[in-house]
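A quick note: this is a predicted structure, and the numbers were derived from the prediction, not measured. Below, chains carry the letters A, B, ... as their sequence lines are ordered, and counting in each starts from 1. What you see below is based on every heavy atom in this structure, not just the backbone, and it leaves out hydrogens, waters and symmetry mates.
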Amino acid sequence: MSADDIDALAGEYVLGTLEAREAAEVAARLATDPALAAAVAAWEARLAPLAGLSPEMAPPEDLWDRVEGALDASARPALRLIQGSAPAAWPRAVPVAKSRWLLRGWAMGSTALAAGLAAFLLVKPPEEPRLMTVLLSSSEQPAWLVEAAGGAISLASVNRAPVAPDRVLQLWALPQGATAPTSLGLLPADGRFTVTPRTIRPEPGMLIEISLEPPGGSPGPRPSGPVLFIGRLAAARGA
Amino acid sequence: MNDPAALLAAVAAGDRAALRALYDTEASRLFGIAMAILRDRDAAADAVQDCFVKIARRAGQFDPARGEARSWMGGIARYAALDLARARGREIPSDDPALGDTPVEPEALDRVLAGESGARLRACLALLDPKNREGIVLAFVHGLSHAQVAARLALPLGTVKSWIRRGLLDLRECLT
C-alpha cells in the first residue's frame, strides 16, 4: 500500500464509511501497524471538530445507573461466558458485546458453535467437571475454543486469522483475585495446544487471554503486545 | 476540578465520582453524537453506555499530549455508535428528512465549528467541491456508509468512493 492508500484507508475508517468487515480489519491492524495507527490518530484530530455538528440531546434518565451497573457487573467475579473483562491495567482488545443486536448475532451463532464444541469435547475422555470458554476476535467472531479439565487447558483454533511472520501468539491465564497473569506458553502454528500449568489450576472465572508478541514471547511477566482474544472459563453444564 | 483531562486522570485511578462528573458534563453531547448516527434513542443509549464503560476502562490510555479529552471521548462515542450501526446493517434510511438538518454549506459551518481547529477545518472544507464536502460531513455526522452517501447524493457508488477519498486527501493537504 502506498502512503496515500494507507492515509485514505485511515481517513475512511475515522469517517466511518467502511463496511463492517473492512472496519474490523483496520481495527485489528491498529495494534500491530504503527503507520496505520498514526494515520488514524491524525485523522481523528483533523475531523474531531465535526462532532460539534451533532446537537446535544438529553440521554434517558436511567443511563447513568446502567453505566454503573455495567461497570459493577464486569468487576464482579461472575461465571458468565465471554465476559471479556480484564483488570484496567491489562490491555484488552475484545469489545464487550453490550448491545442487544450484537447479542442477537451471538445467539444465532451459538448453535453452530455448540455443535463445534460438542465435537471438540467428544475427543476427550470424561474426567472431572469441565470448564470452557470461547475466545472472540475483535470482530466478535469465535476464534478459539478453550477447554479445561483435570488441570489441563486445551485450545483449538477456529476461523484462525494469519499471524505476521515476525509475531507469535502467547497464552496467558489470570486466576480470579490474582494481580498478574501467568504465561502458559506460545501457541503453535497449527492452532492446537494443550498445557498443564504447574503453578495455577484452571477454575471457573479464570481469564484466558492470547496476546500478540515478538518472537520468543513477551520479554516481561505480562503481555507486552495487544491482547487479541479474551474469555473467562465457565463450568460446562451437561458436558 | 472540571477539566476533562484531570477528570480522566482521576477515572484512570478508579475514581467513580470523577466518572460521574464527566457523565454530568459530557453525556448530552455524547448522546447527541450517537443519536445523529443511530436515530434511535434505545440504540443511542446502548452506545453511550458502552462509551462510558470504555472511558472508565481506557482512561489510563488517554494522552493529553496527543489530543483533547473531549475529542477523545467523542471519538469513543462515535466508534461505539458506528459499531452498532454496522451491527444493525445500517438500516437507517438515507432519505430520512432529518438528515437535511445538518449544515454542510460553508457559511453554516462557520456558525457551528468553533475554536482554532474548527476554523482551520471549515476553511479547508470550504475549498472542497460542494458534493465532496456534503459527502464527508454527512458521513462523519450521520455515520453513513459509502452506499448511503451515494444514495443521498444520487451518484454512482464508485464515484462517491473516489470522491470521498479525493476529498479526504485534499483536506489532509489543506490542513498540513
Between [X] and chain A, which part of the residue has a heavy atom less than 4.5 Å away: side chain, backbone, both or neither?
X        : result
B:Leu121 : side chain
B:Leu19  : both
B:Leu175 : side chain
B:Tyr23  : side chain

Is it the side chain or the backbone of [X] that comes within 4.5 Å of chain B heavy atoms, both, or neither?
X       : result
A:Ala51 : both
A:Pro55 : backbone
A:Glu12 : both
A:Asp5  : both

From [X] atom [atom1] to [Y] atom [atom2], the distance as rounded to the nearest 0.5 Å:
X       : Y        : atom1 : atom2 : value
A:Asp62 : B:Gln49  : CG    : CD    : 9.0 Å
A:Ser54 : B:Phe140 : OG    : CZ    : 7.5 Å
B:Arg86 : A:Arg21  : CZ    : CZ    : 12.0 Å

Do [X] and [Y] have side-chain heavy atoms sitting under 4.5 Å apart?
X        : Y       : answer
A:Leu71  : B:Val53 : yes
B:Arg172 : A:Trp43 : yes
B:Tyr79  : A:Val14 : yes
A:Met57  : B:Arg41 : yes

Practice task
Determine, step by step, whether A:Asp4 and B:Arg166 satisfy the salt bridge (Lys or Arg N to Asp or Glu O under 4.0 Å) criterion, reporting the C-alpha distance in whole Å, the side-chain angles of both residues, the deciding distance to 0.1 Å, and the verdict.
Solution key: CA-CA 10 Å; A:Asp4 269 0; B:Arg166 188 68 255 158; 5.9 Å; no

Problem - Residue pair A:Leu47, B:Leu171: steps toward the side chain to side chain contact (heavy atoms under 4.5 Å, CB included) verdict - result: CA-CA 10 Å; A:Leu47 298 178; B:Leu171 208 51; 4.0 Å; yes

Can you tell whether the side chains of [X] and [Y] come within less than 4.0 Å, N to carboxylate O?
X       : Y        : value
A:Asp7  : B:Arg165 : no
B:Arg16 : A:Asp72  : yes
B:Asp50 : A:Arg66  : no

Practice task
Select, from B:Val48, B:Asp24, B:Ile136, B:Leu30, the one with the greatest count of heavy-atom pairs under 4.5 Å involving chain A.
Solution key: B:Ile136

Completion exercise
Ranked by heavy-atom pairs below 4.5 Å to chain A, first place among B:Ser28, B:Ser71, B:Gly74 goes to B:Ser28

Handout entry: Minimum heavy-atom distance B:Ala45-A:Leu63, with the two atoms named
Key = O-CD1, 3.5 Å

Problem - Heavy-atom closest pair, residues B:Arg78 and A:Gly16 - result: NH2-N, 4.2 Å

Practice task
Could you name each residue pair satisfying salt bridge (Lys or Arg N to Asp or Glu O under 4.0 Å) that touches residues 26-41 of chain A, not counting sequence neighbours?
Solution key: A:Arg29-A:Asp33

Practice task
Check for a donor-acceptor pair, side chain of B:Arg20 on one end and backbone N or O of A:Trp64 on the other, with a separation under 3.5 Å.
Solution key: no

Exercise for the section: Spell out, as yes or no, whether a donor-acceptor pair under 3.5 Å connects the side chain of B:Arg120 to the backbone of A:Arg46. Expected result: no

Practice task
Could you check A:Glu68 against B:Phe52 for side chain to side chain contact (heavy atoms under 4.5 Å, CB included), going step by step and ending with a plain yes or no?
Solution key: CA-CA 9 Å; A:Glu68 280 209 302; B:Phe52 274 97; over 6 Å; no

Handout entry: Contact leader toward chain B among A:Ala8, A:Ala42, A:Ala48, where contacts are heavy-atom pairs under 4.5 Å
Key = A:Ala8

